[in-house]
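Along the sequence shown, the residues carry numbers beginning at 1.
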Amino acid sequence: MKAVLLAGGLGTRISEESHLKPKPMIEVGGRPILWHIMKMYAAHGVSEFIICLGYRGYVIKEYFANYFLHMSDVTFDMAANRMEVHHRHAEPWRVTLVDTGESTMTGGRLRRVREYLTPGEPFAFTYGDGVADIDLSAEFAFHRAHGRLATVAAVQPPGRYGALVREGDAVGGFEEKPRGDGGWINGGFFVLQPEVIDRINGDATSWEIEPMQGLARDGQLRAFEHAGFWQPMDTLREKNLLEELWQSGRAPWKVW
């Protein structure tokens, strides 16, 4: 199965870092969060990726063009004008980088990569700024079993603040950042049939509005519930949270 990753947005809510690079290239544990997402998929057998570029897309192109330099020990022999790569640790991935426009919306970006998909075969689709310990293999199997056009991972977002455990007006304790109000939201990890792209009109189409709403209305969208860890990286606070989890050795999304 191929995976399409959105990596072209401006990332304005984390502008402390995104003014220099695309948000998917912001690092957690010394690696771009885009790499973490790809490693998540690779752990479930996905080795072919299509990345939708936009804002500062050249940064992502240069990263993959120099991937061996990022991942390996290198000797530069200046006198002989030669470079030797030692201990190559690059993953066996096939990565297609597609310029999908600076201001193209999420649906439009997906529409622009249609030619790189395999007709009739489902593909994974996600954003380039969030991680989870989701069982992607189970989601793939769920999608194939129900036979509809689209699957979305349904998640319960983590609460932002801790909660008081109360008995009347007495505080009996504290609950650390409980889940939200019990509602399920779009977790951003999709499995789709290529036919869904017929529902995207053009560059100005947001995947989350007309196409998804139409799929739901027509009974073609199913939810795969994921009750475990899920965390987007929209703000510097969330980036720091992911960094703390990684440095502590307790990163739930590290399934490789």
Side-chain angles (χ1 to χ4, degrees), residues 1-9 11 21-72 88-101 104 106-141 143-144 150-153 187-194 196-197 200 207 224 230 232-233 242 253-256:
M1 184 177 291
K2 298 179 181 179
V4 177
L5 279 60
L6 292 170
K21 63 183 75 171
K23 184 164 66 165
M25 293 303 292
I26 295 174
E27 293 183 354
V28 173
R31 297 277 187 268
I33 193 165
L34 180 65
W35 176 87
H36 289 261
I37 297 167
M38 294 170 75
K39 289 286 283 186
M40 286 169 45
Y41 276 101
H44 292 272
V46 177
S47 60
E48 188 162 352
F49 300 90
I50 302 164
I51 302 179
C52 304
L53 306 181
Y55 170 71
R56 295 187 181 271
Y58 65 88
V59 176
I60 299 177
K61 286 184 178 180
E62 290 174 354
Y63 176 77
F64 284 104
N66 297 303
Y67 196 73
F68 277 129
L69 298 182
H70 291 285
M71 302 299 293
S72 307
R88 299 188 177 195
H89 302 300
E91 288 79 4
W93 296 341
R94 179 180 173 86
V95 183
T96 301
L97 306 173
V98 184
D99 183 0
T100 56
T104 308
T106 50
R109 295 190 190 282
L110 176 56
R111 187 172 182 266
R112 286 205 187 194
V113 303
R114 182 174 200 164
E115 65 182 282
Y116 299 100
L117 299 172
T118 303
E121 284 298 313
F123 63 94
F125 179 51
T126 194
Y127 306 102
D129 61 357
V131 290
D133 60 355
I134 182 171
D135 186 342
L136 293 167
S137 295
E139 186 184 18
F140 300 159
H143 176 82
R144 293 182 185 278
T151 299
V152 58
F189 293 93
F190 301 92
V191 185
L192 307 173
Q193 296 298 129
V196 303
I197 300 177
I200 301 171
W207 165 250
F224 176 80
W230 174 85
M233 191 188 69
L242 294 176
W253 70 91
K254 187 179 183 300
V255 294
W256 57 89

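- The closest side-chain donor-acceptor pair between Arg56 and Tyr58 falls under 3.5 angstrom.
- Nearest heavy atom pair, residue Val131 against residue His36, reads CG1-CB, 4.3 Å.
- Annotation for Cys52 and Val113: closest pair SG-CG1, 3.7 Å, computed over non-hydrogen atoms.
- Below 30°, between 30° and 60°, or above 60°: for Phe189 and Tyr41 the angle between ring planes is between 30° and 60°, a tilted geometry.
- When all heavy atoms of Phe140 and Ala124 are compared, the closest pair comes out as CE2-CB, 4.2 Å.
- Distance check, rounded to the nearest 0.5 Å: CD1 of Ile50 to CZ of Arg94 gives 9.5 Å.
- Here the straight-line distance linking atom CD1 of Ile200 with atom CZ of Arg114 works out to 8.5 Å at 0.5 Å rounding.
- Formation of a donor-acceptor pair under 3.5 Å by the Asp135 side chain with backbone atoms of Ala138 is found in this model.
- In this structure, Tyr67 and Trp93 have tilted ring planes: the angle between them lies in the 30° to 60° band.
- Remark: side-chain polar atoms of Thr151 are not paired, donor with acceptor, to backbone N or O of Phe190 under 3.5 angstrom.
- Scored by the side chain to side chain donor-acceptor pair (under 3.5 Å) test, Ser47 finds no partners at all (sequence neighbours excluded).
- Residues Leu34 and Met25 share a closest heavy-atom pair of CD2-SD, 4.4 Å.
- Between His70 and Tyr63, the distance from one ring center to the other falls under 6.0 angstrom.
- In this structure, Leu192 and Ile197 have side chains that are not in contact, with every pair of non-hydrogen atoms separated by 4.5 Å or more.
- For the atom pair Glu91 CD and Lys39 NZ, the distance stands at 4.0 Å (nearest 0.5 Å).
- Between Trp253 and Val28, some side-chain heavy-atom pair lies under the 4.5 Å cut-off.
- Contact between Val255 and Ala43 at its shortest, heavy atoms only, is CG2-CB, 3.9 Å.
- Of the possible donor and acceptor atoms, one in the side chain of Arg109 sits under 3.5 Å from a partner among the backbone N and O of Gly8.
- In summary, Lys2 and Glu121 do not engage in a salt bridge, as defined by a charged side-chain N under 4.0 Å from a carboxylate O.
- A centroid separation of less than 6.0 Å is found between the aromatic rings of Trp35 and Trp256.
- Counting heavy atoms from C-beta on, the side chains of Phe49 and Leu5 come closer than 4.5 Å.
- Contact record, Met1 with Arg144: CE-NH2, 3.8 Å, taken as the closest heavy-atom pair.
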*Starting from the C-alpha separation in whole Å, work towards a yes-or-no answer on side-chain contact (heavy atoms from CB on, under 4.5 Å) for Lys21 and Ile60.*
CA-CA 9 Å; Lys21 63 183 75 171; Ile60 299 177; over 6 Å; no

*Begin with the C-alpha distance, continue with both residues' side-chain angles, and end with the deciding distance and a verdict on side chain to side chain donor-acceptor pair (under 3.5 Å) for Glu139 and His44.*
CA-CA 10 Å; Glu139 186 184 18; His44 292 272; over 6 Å; no

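- The shortest distance between side-chain heavy atoms of Thr96 and Ile51 does not fall below 4.5 Å.
- With rounding to the nearest 0.5 angstrom, the CG atom of Asp129 is 10.0 Å from the CG atom of Leu242.
- Within the 4.5 Å cutoff, the side chain of Val98 has no heavy atoms near those of the Leu53 side chain.
- Between Phe123 and Leu110, the closest side-chain pair of non-hydrogen atoms falls below 4.5 Å.
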*With side chain to side chain donor-acceptor pair (under 3.5 Å) as the test, would you mind laying out the steps for Arg112 and Thr100 before giving the verdict?*
CA-CA 6 Å; Arg112 286 205 187 194; Thr100 56; over 6 Å; no

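- The closest side-chain heavy-atom distance from Leu6 to Phe125 is below 4.5 Å.
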